[in-house]
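Everything below concerns the one structure shown next.
The sequence lines fix the lettering, A, B, ..., with proteins before strands; numbering per chain opens at 1.
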Amino acid sequence: MPPLADRLDINTESKWQKVWEERQLYNFDEKDKKKPIYSIDTPPPFTSGDLHMGHVLSYAYFDFVARYKRMTGFNVYYPQGWDCQGFPTETKVEQKYGRKPPEEFRKLCVEWTGTCIERMRNQMQSLGFSADWRYQYRTMDPSYHKLVQKSILQMYDSGQIYRGEHPVFWCPSCRSALAKTDTEEAERQTQLHDIKFEIESEGGKKQDLIIATTRPELMHACVAVLYHPTDARYNKLKAKHAITALGSRVPFKSDPDVDPAFGSGVVMVCTFGDKQDVVWMYRHKLPLIKALDERGKIINAPEGLSINGLSITDARAKLLEKFKLEGKLLSSKPLQQVIKVHDRCKKPIELALSWQWFARITQKRDEIVKAARSMRWLPPFAISYLEDWANYVEWDWVISRQRVFGTPLPFWYCSKCDKSIPADEKELPVNPPTMEKKCPKCHSALTPETSTCDCWVDSSVSPLAISKWGVDEKFFKRTYPASLRPQGVEIVRTWAFYTIYRCQELTGKPPFVELLLNGNVLAPDGKKMSKSLGNIIAPDKLLTDYGADSIRIWAALSGAMAKDRPFSYQDIQYAKSFLHKLLNAGKLVQKAVEGYEPKDNDATHLRPIDRYFLHRLHSVVSEANSAWSEYEFQRMTKVTQEFFWHEFCDYYLEYVKYRIYETAADKQHSRRAAQYALYTIYSTVLKLLAPITPHASEELWQMFATKENDSIHLHSYPTPVSRFSSPASVIAGLLLAGIMAEIRQQKSARKLPLNAPVKGLKLGLPAEQAAALPHIEEELKMAGGVQMIECTDSDAISIEVEF
RNA sequence: GGACCCGUGGUGGAAUGGUUAACACGUCGCUCUUACAAGGCGAAGACUGAGAGUUCGAUUCUCUCCGGGUCCACCA
């Protein structure tokens, strides 16, 4: 029997990680046709180079599931991918190497991402995650591009993807279209200016009209002035037109969306100052004036103003100066305003009309919700994030981005025929800007699409990527839909939403059976972890201080699903102490079972107290299994820990010690029975915990290993065994615990040492307990140090201790 | 403005339509007994945010309010 590790730390853990990898312990068995397949559509993390605690929590969750499922007879398919292409990488690579031609730049991004993946993969392995790395995918690989492009072509053919000119969120700083989910809000101080317009009543009579605006620089794009229909100040005027401060004549109309309490109750509609302007433009069929170019510079202003080409702020200053001179600027007041900014560069976003590629999600909202409802959501309320989003989403999904490091959109454009030309499926993957193509109709040279896909276009086909959709039909049938989709609750409306939409659309089937949602990990102070607050907890530091299994126990105990939870050093400290206890108890058990192999015959000599603890084990195993079926890691871990520490260690080990050291020939039956129980209980606890604490369980399992290269992870998960349960042994077990507790309490009250002998024990017992007393007398004497026992009949249990 | 989640001892957090509301950390005593002082034993500490209702009985169900959080919409 190999000696146990002195401590269960990161060294023991990495030892086992290497062994597991060498033995390819977690491989999915493609050839196995008997075991049911359990496939996990794991989240591909963005390749930032570092895992954060949110990853750790989420990935621990499904690693628990993967390990549990393997032990319960499933052929677990657990691939891991990487979401590579994204704006932050471009930013970092540009910072490091400067601007480069697209193809060279792309290569640098791939290289950079490769090193990031290396680091993150090492972190995952240090945490004991049991992915099958043979199936790793990277969204930047040609094979992945091929998949994404194939999916786009198919959706283009079915009319789900189209090119169109629509108002989109536009980042002038990054010069790219954005989806709503790429935006966030920022508060800022701005000025609200009252500017003098005029209204023109019937017959050409003019009077002053005051308009409040924060964006005077867009005034040349003003196409209407609106007021609320019930606003008495304006609805009686019967005016048809307004004259802007720049002198243009625009319609003067009523609209229910105008807030009569804001400013002067009238609003100028500029195409486009904000989203409301877009709504109004379509509603009132207003003309469109493009006021800004793609860099956010003013265009289309009257020459006389000479603001064309100026930045927004410069143009604003210039115009205000002009209005002031003309007496049209009546006042300027500070205004606290919330504006949309790009979540990557934090610069303000504009709305712009632009040619982009779209996916028709607005048509499909009901189908998406229906597909989502066909899955099991854990916890159930999490589906409401998706339903809310589906019911309110107003615009189609902009899937094109004006970036370099992304999946190229497989299209060309013929300006003569005015048509988009898709790539031929046979030539995928394609990068249009590097290819010359002629129009199949008119044979003129085609313009390549230079935009790339939004990163969610890549990640929303992860279930298809892992199931080899379009590549290996048999494999696809076996692994799609994924049994489990684990993910963070904050990306339900992006990753889950787009994945359900796209996969349903492409395959006609919903992509998952169950979804398991996790919340965010907050800093110990309950706030969001952020660099600026300096409250970030790094997994690497926790690994060296506490080890992977402690982190995993922390994750398992980390509260309810889909709820944010502060990180707790108390919890992880408890986890570490628990592992220490597990090891130390293991040392005693090892001594006890040295050279012992369990035989059924030994079970016939079990003492009632042994039976009681085997019965308790049975209950714990039952509850653990039921908790697993609901993914209640906390309940599963808790019930096992409580039993192990506060029943098995605190009581049972004390009860049986004397039997372990027994040498008398006539007591060997009793000794072997104790060995049998110790062996059974301890090894079962290790197995119960194996999915949570794979390293500790493996290390300690070695005392039971009977063959070379045995691993606890190749064994079956414990199932309840009730044959040792009997009412009499339960009464005996509870009675003994009650008496022992009373003795300890009395010793403590009298400040006696715990090993002080008990001269006499006077018990008053009801019939049931009195009948059980002979079963536990031996334990009372040997483990409790009781010298004399007296028992009288009584209705209730009474215990008197004499020292 | 709308939706959802939540409010339990000093702290973090379980659980339940019904006997003294887990557990951990922390605190206070005692204790190095040959698996473990990163341990053992004992103790103190919660009228489960406020109010009302349903009920024989609510911390658990309903409503209102207060407080915290998340998401969505809008902000001329």
[X]: ring-ring contact (aromatic ring centres under 6.0 Å, His included) partners, not counting sequence neighbours:
X	answer
Phe803(A)	none
Tyr546(A)	none
Trp397(A)	Tyr498(A)
Phe169(A)	Trp395(A)

Can you find a side chain N or O atom of [X] that sits less than 4.0 Å from OP1 or OP2 on [N]?
X	N	result
Lys340(A)	C75(B)	no
Lys657(A)	U34(B)	no
Gln745(A)	A43(B)	yes

With a non-hydrogen cut-off below 4.0 angstrom, is [X] in contact with a base, only sugar-phosphate, or nothing?
X	result
Asp650(A)	sugar-phosphate
Tyr661(A)	sugar-phosphate
Gln276(A)	sugar-phosphate

Dump the pairs, protein N or O against N or O of nucleotides 24-31 of chain B, anything under 3.5 Å, distances to one decimal.
unit_1	atom_1	unit_2	atom_2	d
A24(B)	OP1	His646(A)	NE2	3.4

Atom pair OG (Ser254(A)) and NE2 (His228(A)), whose distance is rounded to the nearest 0.5 Å: 8.5 Å

Residues in salt bridge (Lys or Arg N to Asp or Glu O under 4.0 Å) contact with Arg233(A), at least two apart in sequence or another chain: Asp231(A)

Can you name the residues that form a side chain to side chain contact (heavy atoms under 4.5 Å, CB included) with [X], not counting sequence neighbours?
X	answer
Lys328(A)	Lys196(A), Ala245(A), Phe323(A), Glu326(A)
His284(A)	Leu226(A), Lys253(A), Asp255(A), Trp280(A), Leu286(A)
Ser568(A)	Gln570(A), Asp571(A)
Ser264(A)	Ile210(A), Tyr234(A), Val266(A)

Stacking of Phe262(A) on A76(B) base (centres under 5.5 Å, planes under 30°):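 The base of A76(B) is stacked with Phe262(A) (centres under 5.5 Å, planes under 30°).
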
Under 3.5 Å donor-acceptor pair, Lys581(A) side-chain atoms to C36(B) base atoms: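 Result: at least one qualifying N/O pair found.
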
RNA chain B: 5'-proximal contact among Lys587(A) and Ala749(A) (nearest heavy atom):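 Nearer the 5' end of the strand: Lys587(A).
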
5′-ward residue of the pair Arg635(A)/Cys649(A) relative to RNA chain B: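 Comparing both residues, the 5'-ward one is Arg635(A).
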
Aromatic ring pairing Phe644(A)/Phe578(A), orientation class (parallel under 30°, perpendicular over 60°, tilted between): perpendicular

Secondary-structure stems for RNA chain B, with pairs counted as Watson-Crick or G-U when both distances are under 3.5 Å and runs at least 3 long: B:1-7 with B:66-72, B:10-12 with B:23-25, B:27-31 with B:39-43, B:49-53 with B:61-65

Integer-rounded Å distance: G13(B) P and Leu557(A) CG: 12 Å

Ring centre gap for Tyr679(A) and Phe704(A) strictly below 6.0 Å: yes

Closest listed nucleotide, where the reference is the side chain of Asp274(A) and the choices are A76(B), G2(B), G12(B): A76(B)

Contact letters for nucleotides 3-9 of chain B, in which S counts primed atoms plus P, OP1 and OP2 and B counts the base, heavy atoms under 4.0 Å: SS-----

